[in-house]
Amino acid sequence: MANHELVLGQNPDLALGQNPHPHDLVMTPTHNLGLRSRHTLGLGHSHHSLGLGQTHDNDHDHDLGLGQAHDHDLGLGQTHEHEHDIGLSHHHDNRLVLGHTNELALGQSHEPDSEAHNLGLSDSHELTLAEQHELDENIDHLTMDPAQELALQTAHDMSNNQLVVAQTTPVIQSRVLAVNPDYQLVVGQEFPDVKSCRRAIRDAAIACHFEIQTVKSDKTRFTAKCAADRCPWRIHAAKLPGVPSFTIRTINDSHSCSGIGHLGHQQASVQWVANSVEERLRENPHYKPKEILEEIHRMHGITLSYKQAWRGKERIMAAVRGSFEEGYRLLPQYCEQVVRTNPGSIATVYGDPEDNCFRRLFISYYASIYGFVNACRPLIGLDRTLLKSKYLGTLLLATGFDGDGALFPLAFGVVDEETDENWIWFLSELQALLEANTENMPRLTILSDRRKGIVDGVEFNFPTAFHGFCMRHLSESFRKEFNNTMLVNLLWEAAHALTVIEFEGKILEIEEISQEAAFWIRHRPPRLWATAYFEGTRYGHLTANIVESLNSWLLEASGLPIIQMMESIRRQLMTWFNERREASMQWSTILVPSAERRVSEAIERARGYQVGRANEAEFEVVSPHEGTNIVDIRNRCCLCRGWHLYGLPCAHGVAALVSCRQNVHRYTESCFTVATYRKTYSQTIHPIPDKSLWAELVDGSSGVENRIEKLINPPKSLRPPGRPRKKRVRPEDKGRVKRVVHCSRCNQTGHFRTTCAAPI
């Protein structure tokens, strides 16, 4: 029997054939073997031996049974005084070949009567032992080095029974020195400048898995050596006379070190990370730091921290979109470009008089002003969202509603912080805007969360306006207080109730379930939120949840520098105006689609009503389920209040109009017609040129002086560390007592069972 000791070291080029001399097998920590099969591994059988690299003073065997009548001795490990092997205690020889392609084959002897045992390690690092005998022994356990895993798997999908040893993904703890021809440095190689020279040497060190230490670096020379102790690798580059080019003068490219003994790399700086992913980030600005880490580890084998990847991305994004500080500094010029490219628009920025730090920004495009004043419903919603950028701030929004019920952004404000004073300022700017663009301002209806600054601002700037609660804010506060879905649904039904009787009926239902909830509701005046009591016209809009509706793109924009954020908003508005303008050109009806559907439903319901006429304007409409309602078509009102509240004829009004052969569409509010809708989006929001062209577009030197006077610095307050809050805190929730949680494991309060740390 030929005895084979197999050694797997750093040199993969090992061939074992019929040579009778022993061959060692050493498995490094980077080699993992997995044992996956219905066969188990047993240690200690008397007739099969397994050696695991231990050092022994005498000869003894660890047994491994791999056949019926064969002994297989395996030696895994270091050099020993005696023989630990797994051979074939059989009358035939075996041949083992390990080549550059990492294929390990235990083949058949040249003897004609010998049996075939094939052991193969493929490119996917799977080690296969194929034999014509089934395994009889059960393999229970195999203990190896902690960094190694042995797996045996029987391949049932082949004609012969095969033993598959699959290597699992190794955990890399070090990287051996490598030669990369793409990053080879030679004497005489030239570079445009010293930065390019340093960059090339750094990239070569990263690619070849060694670290460098700078010996000398200035404007005329650069010298570096290998960071490993006593390693002779050294390079020297110097500036060519009369030109800025650098050339490599001398280089000793031999190493005595073995490479890097850790997972990082000293030369993998933030700037290197930025340069590595710059092209990818320009193509996809949404490339996440986690994905950057994965790509660098896959391409270079380097493990970096999340902060390094984030800082590298921010460095590239600052070069692409500009820094946060530059955004504030260029705000005066940006406002000039808004007014220049969109005549009639309003764009003003205010800084602190003492240090010119940013305080307020107000922008409203003429296309939005024209559409709201001439074609939208006299309804405005107010909302705000916190900025997610480097500096603290709040984006304030004033939004109208077009004839089809879609949001129609009217004005935007950015303030350094949300205060009552800033809300009053924003509403004063909004009032001045509307007053300057209309002769007879309609009586507005305003919806908001009614915080003190908004209430004071509305009372001061819009004294005749109807100011109501946004039901979204009210219902969320109610839900947090009582956490009962049935009560919340009844609250919404009460808010939608058109008559006082219907409203009171819903409140009584709530009171039957919870008297505390009914008391909570009655503590909020219904004239501020209930349709039955509200004096203004809300056209069916009970909420002003602007941020929730625009969250798909507004949340992303709020994390950009301020100019980029405003440009993102402008582009979205420009796209909306164009798309809605083109869509309305395809409509062939008199009313917008949503109004047309509502009128069609009312006509269908009116077919079963009985109509009695009192005079040319007054009608009595009797319905089987709703009783009698009085309709006045001259004043466009009905006793059910539906016509007045929604601006469209209710079913009773439709029945009265049809009975006297009147055109139902003529009795709708003008904002619901297609002609008015097209007028809403008739104006265009024009694009703004790149900031690199602003200086050329400013007329005269007075503009330059004006910009110097209006220099704006970033706000004084930076964003605090940590992940920004995604869910905003309502003003009415501040000061609310939190619910006390209880642990079912230790019966204590303040934590849940899943986070309980009490001993069992």
Side-chain angles (χ1 to χ4, degrees), residues 338 342-346 363-383 397-412 427 429-447 462 464-466 536-541 543-544 546 549-550 569-570 572-599 636 643-649 663-686:
V338 170
N342 293 269
S345 301
I346 298 176
I363 291 180
S364 180
Y365 293 96
Y366 176 73
S368 297
I369 299 172
Y370 180 87
F372 179 81
V373 170
N374 294 281
C376 282
R377 314 174 189 184
L379 178 65
I380 294 178
L382 302 176
D383 209 344
L397 304 101
T399 303
F401 300 86
D402 64 22
D404 204 31
L407 290 175
F408 186 82
L410 173 59
F412 303 91
L427 290 171
E429 293 285 337
L430 183 62
Q431 190 271 342
L433 173 154
L434 296 176
E435 193 175 60
N437 288 274
T438 181
E439 296 180 358
N440 298 316
M441 185 184 299
R443 194 172 186 183
L444 297 175
T445 297
I446 298 176
L447 301 178
F462 302 97
T464 62
F466 302 104
T537 302
R538 293 191 288 190
Y539 299 94
H541 291 278
T543 64
I546 303 169
S549 301
L550 307 181
I569 293 174
R570 182 197 57 77
Q572 186 66 52
L573 293 183
M574 181 178 67
T575 303
W576 277 354
F577 269 64
N578 183 65
E579 291 177 350
R580 294 174 183 178
R581 185 189 309 117
E582 292 181 351
S584 66
M585 295 301 174
Q586 308 299 322
W587 297 343
S588 58
T589 57
I590 298 176
L591 304 179
V592 297
S594 60
E596 195 72 36
R597 287 193 299 270
R598 192 176 183 89
V599 170
R636 300 186 180 185
W643 195 342
H644 168 70
L645 294 175
Y646 291 98
L648 294 169
N663 187 347
V664 177
H665 297 88
R666 290 178 54 192
Y667 285 84
T668 60
E669 295 289 340
S670 61
C671 61
F672 295 107
T673 63
V674 172
T676 302
Y677 185 91
R678 291 171 180 169
K679 193 176 182 180
T680 306
Y681 298 99
S682 61
Q683 302 300 310
T684 302
I685 296 180
H686 301 282

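Everything numeric in this text was worked out from a predicted model, so none of it was measured. For the numbers below, each heavy atom of this structure counts, side chains included, while hydrogens, waters and symmetry mates do not.
Residues Arg581 and Thr684 meet the side-chain proximity criterion, which asks for heavy atoms closer than 4.5 Å. A heavy-atom distance below 4.5 Å is not found between the side chains of Phe462 and Ile380. At a threshold of 4.5 Å between non-hydrogen side-chain atoms, the residues Ile446 and Phe466 do not count as touching. Contact check for Asn342 versus Tyr366: no side-chain heavy atoms found under the 4.5 Å cut-off.
Donor-acceptor pairing under 3.5 Å is recorded for the side chains of Thr673 and Thr676. The closest side-chain donor-acceptor pair between Arg580 and Tyr681 falls under 3.5 angstrom.
One N or O on the side chain of Asn374 and one on the backbone of Tyr370 form a donor-acceptor pair closer than 3.5 Å. At least one donor-acceptor pair closer than 3.5 Å links the side chain of Asp402 to the backbone N or O of Asp404. In this structure, Arg443 contributes its side chain and Thr464 its backbone to a donor-acceptor pair below 3.5 Å. Side-chain N or O atoms of Ser364 include none that pairs as donor or acceptor with a backbone N or O of Ile346 at under 3.5 Å. Using a distance-only test at 3.5 Å, with no hydrogens or angles considered, a donor-acceptor pair links the side chain of Ser368 to the main chain of Pro409. Under the 3.5 Å distance criterion, the side-chain polar atoms of Thr589 are matched with a main-chain donor or acceptor of Leu591. Counting only distance, with no hydrogens or angles, the side chain of Arg377 and the backbone of Gly647 share no donor-acceptor pair below 3.5 Å. For the pair Arg636 (side chain) and His644 (backbone), a donor-acceptor distance under 3.5 Å is absent. Proximity of a side-chain donor or acceptor of Thr399 to a complementary backbone N or O of Leu407 within less than 3.5 Å is not detected.
Partners of Arg598 under the salt bridge (charged side-chain N to carboxylate O under 4.0 Å, His left out) rule, at least two apart in sequence or in another chain, do not exist in this structure.
Note: Phe408 and Phe577 have tilted aromatic rings, judged against thresholds of 30 and 60 degrees for the angle between ring planes.
Closest heavy-atom contact between Glu596 and His665: OE2-NE2, 3.2 Å. Listed here is the closest heavy atom pair of Ala398 and Leu430: CB-CD2, 3.9 Å. Of all heavy-atom pairs spanning Ser584 and Tyr677, the tightest one is CB-CD2, 3.6 Å. Of all heavy-atom pairs spanning Thr668 and Pro649, the tightest one is CG2-CD, 3.5 Å.
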Steps toward side chain to side chain contact (heavy atoms under 4.5 Å, CB included) verdict (Ser345, Ile363):
CA-CA 8 Å; Ser345 301; Ile363 291 180; over 6 Å; no
Test side chain to side chain contact (heavy atoms under 4.5 Å, CB included) on Met585 and Arg678 and set out the steps.
CA-CA 8 Å; Met585 295 301 174; Arg678 291 171 180 169; 4.1 Å; yes
For Phe672 and Leu648, run side chain to side chain contact (heavy atoms under 4.5 Å, CB included): C-alpha distance rounded to whole Å, both residues' side-chain angles, the deciding distance at 0.1 Å, then the answer.
CA-CA 8 Å; Phe672 295 107; Leu648 294 169; 3.7 Å; yes
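Among the candidates Thr537, Leu379, Leu434, the single residue satisfying the side-chain contact (heavy atoms from CB on, under 4.5 Å) test with Leu444 is Leu434.
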